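What follows is one structure encoded as structure tokens, with my remarks underneath.
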Amino acid sequence: MVAADATHEVTNEPPPLAGYDIFRSDAALVEGVSRAGAGDRLDEISEIGRRAGSPEAQEWARQANRNPPELRTHDRYGNRVDVVEYHPAYHLLMETAVGHGLHAAPWADDGPAPHAARAAKVISWYQADGGHVCPISMTYSVVPALRHESALADDLVPRLTSRDYDGTNAPLEGKAGITAGMAMTEKQGGSDVRANTTVASPIGTGREYRITGHKWFCSAPMSDGFLMLANAPGGLSCFWVPRWTPDGGRNPIRIQRLKDKLGDRSNASSEIEMRDVWCARVGDEGRGIRTIIEMVNHTRLDCVLGSTAIMRQGVSQATWHTHHRSAFGRPLDQQPLMANVLADLAVESEAATLAAMRLAQCFDVMRSDEHAALLARLLTPVVKYWTCKRAPQHAAESLECLGGAGYVEESDLPRLFRQSPLNGVWEGSGNVICLDVLRAIMREPLALDAYWAEVGLGLGADARLDDAATALQKDLTDLDEAESRARRIVERLALVFQASLIVRHSTPEIADAFCASRLVDGGGRVFGTLPTGLSLAPIVERARPVVT
Ligand SMILES: Cc1cc2nc3c(=O)[nH]c(=O)nc-3n(C[C@H](O)[C@H](O)[C@H](O)COP(=O)(O)OP(=O)(O)OC[C@H]3O[C@@H](n4cnc5c(N)ncnc54)[C@H](O)[C@@H]3O)c2cc1C
């Protein structure tokens, strides 16, 4: 019924996608958790899944992004304070993430498959807001690197793993829970950290130093401490740099300005300068890269989880909207060409989810299982490269499924789109990651053997996978001019790996669609170019979130 003074009745608009369990709505993720050995933890993961899909969390995310952090360098009297002020919604997001153990629980968790369980939580929660997950990821990742220094780890790890979020700017000693960041990138070099000019001068003969220099990207500058690279007398070394010194004074880390970023706006990324900043060495002098790489490997896993989340959220929004909106006489998801686009997006999201969860499973056992360690060595960069590369195109296409509504901020898809290139840049940009894969292949042949053993588990299920694996194996025997071909090599490593998982663990329709479109020549270059003869409706049906 249209009111007397109304111009029209609002029809054909979908209900909001809110009030649902983001985790339980994702069949591929739920199955992945069980396969990883965390099947007993579905209810626990569901708690954050429901939170992520709640209208409250969606509103917090909007507020935290609409009111980005602000830098306050001085107090009213002119004293340096160097604080970043966040909207209260940011702290609510952080409190929820920490409360559910996304920041570091696996290091203090006796339950089964803690890294895989956390991965599912991160994939679910990141869909509410990706920005604040940056300090969450860095806190998770700092622990294995800190363990190079047992006294420091004994002091810090209990507070890093605490479920109490304390966002105050106060000495670490008085805080129940703390967070951590990392600072490697300098103006003259981010990928090539050997170009770092920041200097660390020893104080006496122990582990204490003073750092002078700068960092060009330092995200989450309100973290309680950072792992930082600097040149000590013995070479590039890794240091723990707390925001407050152990004697309770402010460590003089000057925040020059905040980056005005494309996306990731709820999270502050800063430029910092340091003069005689107190710090403690972690690991030996000259072993900085080897020490911090432990952190980098874990943040790379989180880049995979973040981009997987972006694709899952995109496909959820796209399948939801098109199911509830009609054009030209039919629901959009029943128009054959839209069904093709949706199915293609769903296949990509499913492949990313399977790969992410298999990788996280390796992180659970790699300290005691050599095969898992070798697999993680090669798969971490392979999966990071491919998942992060697919996310921006996927987000753009998901957005387009909503038509004009997808281009409007209220739909949240513009935010998803702006966030989507970040994981590809951060923690090793695409080319650098591909070169790392080449290094692993050339210097650690056992890692490639582990990869083929893993892929072998899927062989025999689909001739297209068998042929693709044989061709790739043959091509890898000739690594002439491999550097310029590295992207093509890594892409094929990723696709063959994803296919080997999909033929074993996904539905027959998805396996057929993946092999037909990703493993044989003639596949299209955009989403929505699946060949004919596939069964698309069950693929779309599986991907569409359920709101109960
Ligand atoms: C939002 C955001 C947050 C960040 N937060 C942090 C942080 O908290 N801490 C931190 O330390 N850093 C952070 N970074 C920095 C990030 O890690 C670097 O930007 C990244 O490592 C690339 O370094 P760079 O910017 O110096 O680019 P460069 O090293 O100059 O690279 C530029 C391009 O060249 C390519 N390239 C480099 N070497 C080669 C080669 N040999 N062959 C072919 N191509 C090559 C790279 O892949 C890249 O595409 C952040 C970045 C962003 C965008």
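In listed order, ligands and their atoms are each counted from 1. In this text, all values refer to a predicted model and were calculated from it rather than measured experimentally.
Looking from atom 36 (N) of ligand 1 to the surrounding protein, the closest heavy atom is Val432 CG2, 4.0 Å. Summary of contacts: the protein heavy atom closest to atom 9 (N) of ligand 1 is Met182 O, 3.0 Å. For atom 12 (N) of ligand 1, the nearest protein heavy atom (residue, atom name, distance) is Thr185 OG1, 2.7 Å. Residue, atom and distance of the protein heavy atom nearest to atom 1 (C) of ligand 1 are Leu422 CD1, 3.3 Å. The protein heavy-atom contact nearest to atom 32 (C) of ligand 1 is Ser191 OG, 4.9 Å. With hydrogens left out, the protein atom closest to atom 45 (C) of ligand 1 is Asn431 CB, 3.9 Å, a heavy atom.
Every atom of ligand 1 is numbered from 1 in the order shown, and the set under 4.0 Å from a heavy atom of Val425 is 20 (C). Counting the atoms of ligand 1 from 1 in the order shown, those under 4.0 Å from a heavy atom of Glu427 are 17 (O). Within ligand 1, the atoms closer than 4.0 Å to a non-hydrogen atom of Ser219 are 3 (C), 4 (C), 5 (N), 6 (C), 7 (C), 8 (O), numbered from 1 in the order shown. Every atom of ligand 1 is numbered from 1 in the order shown, and the set under 4.0 Å from a heavy atom of Met184 is 10 (C), 11 (O). Ligand 1 places these atoms under 4.0 Å from at least one heavy atom of Ala183: 11 (O). Applying the 4.0 Å criterion to heavy atoms of Lys261 picks out, from ligand 1, the atoms 1 (C). Remark: ligand 1 atoms within the under-4.0 Å shell around heavy atoms of Leu435 are 40 (C), 41 (N), 42 (N).
Dense packing is recorded around CD of Glu59, with more than 12 heavy atoms of other residues, nucleotides or ligands lying under 6.0 Å away. The 12-atom threshold is exceeded at OH of Tyr165, counting heavy atoms of other residues, nucleotides or ligands nearer than 6.0 Å.
Shown here, atom 25 (O) of ligand 1 is out of close reach of the protein: none of its heavy atoms lies under 4.0 Å off. Distance check on atom 30 (O) of ligand 1: every protein heavy atom falls at or beyond the 4.0 Å cut-off. Within the 4.0 angstrom cut-off, atom 34 (O) of ligand 1 has no protein heavy-atom neighbours. Protein heavy atoms are found less than 4.0 angstrom from atom 4 (C) of ligand 1. Distance check for atom 43 (C) of ligand 1: a protein heavy atom is found below 4.0 Å.
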field: Criterion salt bridge (Lys or Arg N to Asp or Glu O under 4.0 Å) on Arg492 and Asp475, from CA distance to verdict
entry: CA-CA 10 Å; Arg492 290 170 69 200; Asp475 285 359; 2.8 Å; yes

- request: May I have the step-by-step check of side chain to side chain contact (heavy atoms under 4.5 Å, CB included) for Ile211 and Trp278, ending in yes or no?
  value: CA-CA 7 Å; Ile211 280 187; Trp278 183 93; over 6 Å; no

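With Ser223, Gly263, Ser429, Ala268 as candidates, the residue nearest to atom 49 (O) of ligand 1 on a non-hydrogen basis is Ser429. Of the listed residues (Cys218, Pro221, Gly190), the one carrying the non-hydrogen atom nearest atom 21 (O) of ligand 1 is Gly190. Residue nearest to atom 10 (C) of ligand 1, selected from Phe217, Trp426, Phe226: Phe217 (by heavy-atom distance).
Under a 3.5 Å cut-off, the side chain of Thr308 and the backbone N or O of Thr353 do not form any donor-acceptor pair.
Between Arg243 and Ser223, the shortest heavy-atom distance links the atoms NE-O, 2.7 Å.
The shortest separation from a heavy atom of Ser269 to ligand 1 is under 4.0 Å, placing the residue in contact.
Judged purely by distance below 3.5 Å, without hydrogens or angles, the side chains of His132 and Trp125 pair a donor atom with an acceptor atom. Between the side chains of Glu397 and Gln393, not a single donor N or O lies within less than 3.5 Å of an accepting N or O. Checking Gln419 against Tyr126 by side-chain atom types alone, a donor-acceptor pair falls below 3.5 Å. In this model, no donor atom of one side chain and acceptor atom of the other lie less than 3.5 Å apart for Arg377 and Asn297.
Seen from the ring of Tyr140, Arg118 counts as a face-on cation partner, given the 6.0 Å and 45° thresholds. Cation-pi geometry between Lys259 and Phe217 is met: the NZ or CZ atom falls under 6.0 Å from the ring centre, inside 45° of the normal.
Between Glu149 and Arg281 there is no salt bridge, since none of the side-chain N atoms of the basic residue sits less than 4.0 Å from a carboxylate O of the acidic one.
By the criterion of a heavy-atom distance under 4.0 Å, neither the backbone nor the side chain of Ala220 is placed next to ligand 1.
The ring of Trp107 has its center closer than 6.0 angstrom to the ring center of His115.
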